[in-house]
Amino acid sequence: MVSFYLPIVKFILALKLEFSKPQLDHLFTLVHGIILCAGRKNVTQIQHAAKGNRHLSNATNFLNHSPWCVNRMQRRRMDRVMNQIRAKQAKRGDQKLVFLIVDDTCCKKDKSTKKMEALSFQYSHEAGKSVWCHCLVTAQVVASGCSYAWDYRPYYQEAYCEAERLPFKSKNDLAREIIEAFPALEDERVYVLMDSWYTSKKVINTCNRKGFHVIAAVKTNRLIRPAGVCLPLDNFAEQYIRKSDLHSVTVEGQGRYWVYPYEGPVSDIENVKLLLSWKDEYTASSKPQVCLLCTDLSLDLVTIQRYYAVRWNIETGYRYFKELLGFDQYQLLSFTGIQRFWAIQFLTQNVLESQRQEWMEKQPELTLGDVVRRIREEHFGQIIVYVYQQALEKTPLFDILKHLKLSA
């Protein structure tokens, strides 16, 4: 019999989700199918790829109506992720350094999908315009070579919240919720990495209360006060900075930057370190290409830029989610089912990342794409072995094809 991939089963069972046997079977099928499905990943295709032995309506009922708790799955998945990270750090003797990366993404939908709940027009940075979509604020945890999808919060526009009688929460509010909920230990150094959208006083104060440091991009129109004079960053750079004031900084894997360091208040944010950076070449009276804010005043220029480069993990994470796992390809109408689908997607990414960490002990430089391809190959090998065994037992070809849900 062709069975589920064993590491998937072990990972899910270790979470102790208190699911019934049919619910576990649905969960195994969905995670397995998301990994095996090579094309578009709606629930039908996922179910087909996993050769699920239940009717499609059972799978959609599991997502839309079945009595199981998403929050319990999220909590136990997160506990397992942090335990794996801490075990690896202890084994390797790494410093207890953790990066929590916060960003948002859009799950774009066709304008004809009017019956899908909670859709609205949201601005997409990738598209450069407003798109018909669901929007999520998400987080990624990176530490000691591990990169796990961590948490998500759906973002609703004010009009939708008013219609549904929900309290409106901005993207910054949702980011603060994720940061507040992050379960760091006292001896762990946590750096929250963000783009300029989230660099607000409220978010930074939330990080300060948690004992976390922030490294984030800021817009060049932010106000600074060098020598007590208040002016925007870009004006200061154009009028007062000369090449002789800059430091040449080379960051491994990124190239050389010309950097001007500033320490002091930025807008309504108290004393921080600010890096005004130009890539490769500096031209007089030009605006800085990148401005980085850091609340850890002890870090040097190279370390700040090297740490901020870790933020790229969430961008590649979105690409894997959407292109490899079909994160935005659902066709469910119920928003309850959609949120459960997202939770299972996060679980699937964690399963793949856990497997990647195990295989990297013998084969370094693996990507999630490599892990998916290897699982698909091993699964296909299982099918070949099954067919060979059935042939030896002289099982009729029709029965083999029926079991594998194939046609002659």
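- In this structure, R376 contributes its side chain and C37 its backbone to a donor-acceptor pair below 3.5 Å.
- In the model, T316 has no side-chain atom that pairs as donor or acceptor with a side-chain atom of R319 under 3.5 Å.
- Side chains of S147 and E353: a donor-acceptor N/O pair is absent below 3.5 angstrom, by distance only.
- Of the N and O atoms on the side chains of S170 and N172, not one donor lies less than 3.5 Å from an acceptor on the other residue.
- Other residues, nucleotides and ligands place more than 12 heavy atoms under 6.0 Å from the NZ atom of K243.
- No donor-acceptor pair closer than 3.5 Å links the side chain of D25 to the backbone N or O of K21.
- By the 30° and 60° cut-offs, the orientation of the rings of F321 relative to F327 is tilted.
- Between F335 and L333 the shortest side-chain heavy-atom distance does not fall below 4.5 Å.
- Looking only at distances, a side-chain donor or acceptor of N271 sits under 3.5 Å from a matching main-chain atom of G264.
- A donor atom on one side chain and an acceptor atom on the other are not found under 3.5 Å apart for Q89 and R86.
- No side-chain heavy atom of D94 sits less than 4.5 Å from a side-chain heavy atom of K88.
- Closest non-hydrogen pair, V372 versus I35, comes out as CG1-O, 3.6 Å.
- Inter-residue side-chain proximity for V102 and L193 is flagged as unmet; no heavy-atom pair is nearer than 4.5 Å.
- What you find for T295 and V214 is that their closest heavy atoms are OG1-N, 2.8 Å.
- Residues D370 and T367 are in side-chain contact: their nearest non-hydrogen atoms beyond the backbone lie under 4.5 Å apart.
- Looking at every heavy atom in both residues, T199 comes nearest to I269 through O-CD1, 4.2 Å.
- In this structure, the side chains of L97 and Y307 come closer than 4.5 Å at one or more pairs of heavy atoms.
- If you take CD on Q140 and CD1 on I314, they are separated by 5.5 Å, rounding to the nearest 0.5 Å.
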message: For I241 and W278: C-alpha separation, side-chain torsions, deciding distance, then whether side-chain contact (heavy atoms from CB on, under 4.5 Å) applies.
response: CA-CA 12 Å; I241 295 179; W278 291 261; 4.0 Å; yes
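- Within 6.0 Å of the NZ atom in K109, the count of heavy atoms belonging to other residues, nucleotides or ligands exceeds 12.
- With Q289 contributing its side chain and K279 its backbone, the two residues share a donor-acceptor pair below 3.5 Å.
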task: Could you walk me through whether M116 and L332 pass side-chain contact (heavy atoms from CB on, under 4.5 Å), step by step?
output: CA-CA 7 Å; M116 192 177 288; L332 298 158; 5.9 Å; no
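- A distance of 9.5 Å separates CG of L30 from CD1 of I12, quoted to the nearest 0.5 Å.
- Looking at Q122 and S120, their side chains do bring a donor and an acceptor atom within 3.5 Å of each other.
- The aromatic ring centres of W68 and F62 sit less than 6.0 Å apart.
- Atom NZ of K96 has 12 or fewer neighbouring heavy atoms from other residues, nucleotides or ligands inside a 6.0 Å radius.
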- request: Kindly determine whether M73 and L27 satisfy side-chain contact (heavy atoms from CB on, under 4.5 Å), including the steps that lead there.
  value: CA-CA 11 Å; M73 175 190 284; L27 186 56; 4.0 Å; yes
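- With hydrogens and angles left out, the side-chain atoms of N235 and Y240 include no donor and acceptor closer than 3.5 Å.
- Residues P183 and W150 approach most closely at CD-CZ2, 3.5 Å, considering heavy atoms.
- A side-chain donor-acceptor contact under 3.5 Å links T105 and K322.
- With rounding to the nearest 0.5 angstrom, the CH2 atom of W342 is 15.0 Å from the OG1 atom of T348.
- Side-chain atoms of S267 come within 3.5 Å of backbone atoms of L223 as a donor-acceptor pair (strictly under, hydrogens ignored).
- Of the charged side-chain nitrogens involved, at least one lies within less than 4.0 Å of a carboxylate oxygen, so that E177 and R153 count as a salt-bridged pair.
- Within the 6.0 Å centre-distance limit, the rings of Y152 and F346 are counted as a close aromatic pair.
- Within 6.0 Å of CH2 in W359 there are more than 12 heavy atoms belonging to other residues, nucleotides or ligands.
- No donor-acceptor distance shorter than 3.5 angstrom exists from the side chain of T395 to the backbone of A391, with no hydrogens or angles considered.
- Taking the centre of each ring, Y191 and F212 stay at or above the 6.0 Å mark.
- Taking every heavy atom of both residues into account, V272 and C294 meet most closely at CB-O, 3.6 Å.
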- prompt: Hey, mind stepping through N208 and N205 against side-chain contact (heavy atoms from CB on, under 4.5 Å) and telling me if it holds?
  reply: CA-CA 5 Å; N208 289 339; N205 284 345; 3.9 Å; yes
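- Put simply, the side chain of D103 does not reach to within 4.5 Å of the side chain of M194, judged on heavy atoms.
- The number of heavy-atom neighbours closer than 6.0 Å to NZ of K169, taken from other residues, nucleotides and ligands shown, is 12 or below.
- When atom types are taken as modelled, the side chain of E164 and the backbone of C161 share no donor-acceptor pair closer than 3.5 angstrom.
- No more than 12 heavy atoms of other residues, nucleotides or ligands shown are found within 6.0 angstrom of CD on E162.
- Here the side chains of M360 and Q355 are not in contact, with every heavy-atom distance at 4.5 Å or above.
- The pair E126-K108 does not meet the salt-bridge criterion, since no charged nitrogen lies less than 4.0 angstrom from a carboxylate oxygen.
- Between W132 and F121, the ring planes lie tilted relative to each other; the angle falls in the 30° to 60° range.
- With hydrogens and angles disregarded, a donor-acceptor distance shorter than 3.5 Å links the side chain of K210 to the backbone of E180.
- The number of heavy-atom neighbours closer than 6.0 Å to CD of E315, taken from other residues, nucleotides and ligands shown, is above 12.
- Listed for the S196 side chain is no donor-acceptor partner under 3.5 Å among the backbone atoms of V218.
- Side-chain atoms of H134 and Y156 include no donor-acceptor pair closer than 3.5 Å.
- A donor-acceptor contact under 3.5 angstrom links the side chains of S277 and Q305, judged on distance only.
- Under the 3.5 Å distance criterion, with hydrogens and angles disregarded, a donor-acceptor pair is assigned to the side chains of S66 and Q23.
- Looking only at side-chain heavy atoms (C-beta outward), T113 and L119 come within less than 4.5 Å of each other.
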task: Using the side chain to side chain donor-acceptor pair (under 3.5 Å) rule, take S354 and Q84 through it: C-alpha gap first, then chi angles, then the decisive distance, then the call.
output: CA-CA 8 Å; S354 178; Q84 287 186 322; 3.0 Å; yes
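- Between Q390 atom CD and D399 atom CG the span is 9.0 Å, to the nearest 0.5 Å.
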- request: Let me see the working for E378 and Y5 under side chain to side chain donor-acceptor pair (under 3.5 Å), right down to the final yes or no.
  value: CA-CA 9 Å; E378 291 187 8; Y5 192 69; 2.8 Å; yes
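- For the pair K273 (side chain) and S298 (backbone), a donor-acceptor distance under 3.5 Å is absent.
- For D104 and K171, the salt-bridge test passes: some basic side-chain N is under 4.0 Å from an acidic carboxylate O.
- The two residues G255 and Y257 come nearest to each other via the heavy atoms O-CD1, 3.9 Å.
- The aromatic rings of F4 and F28 are tilted relative to each other, their planes meeting at an angle between 30° and 60°.
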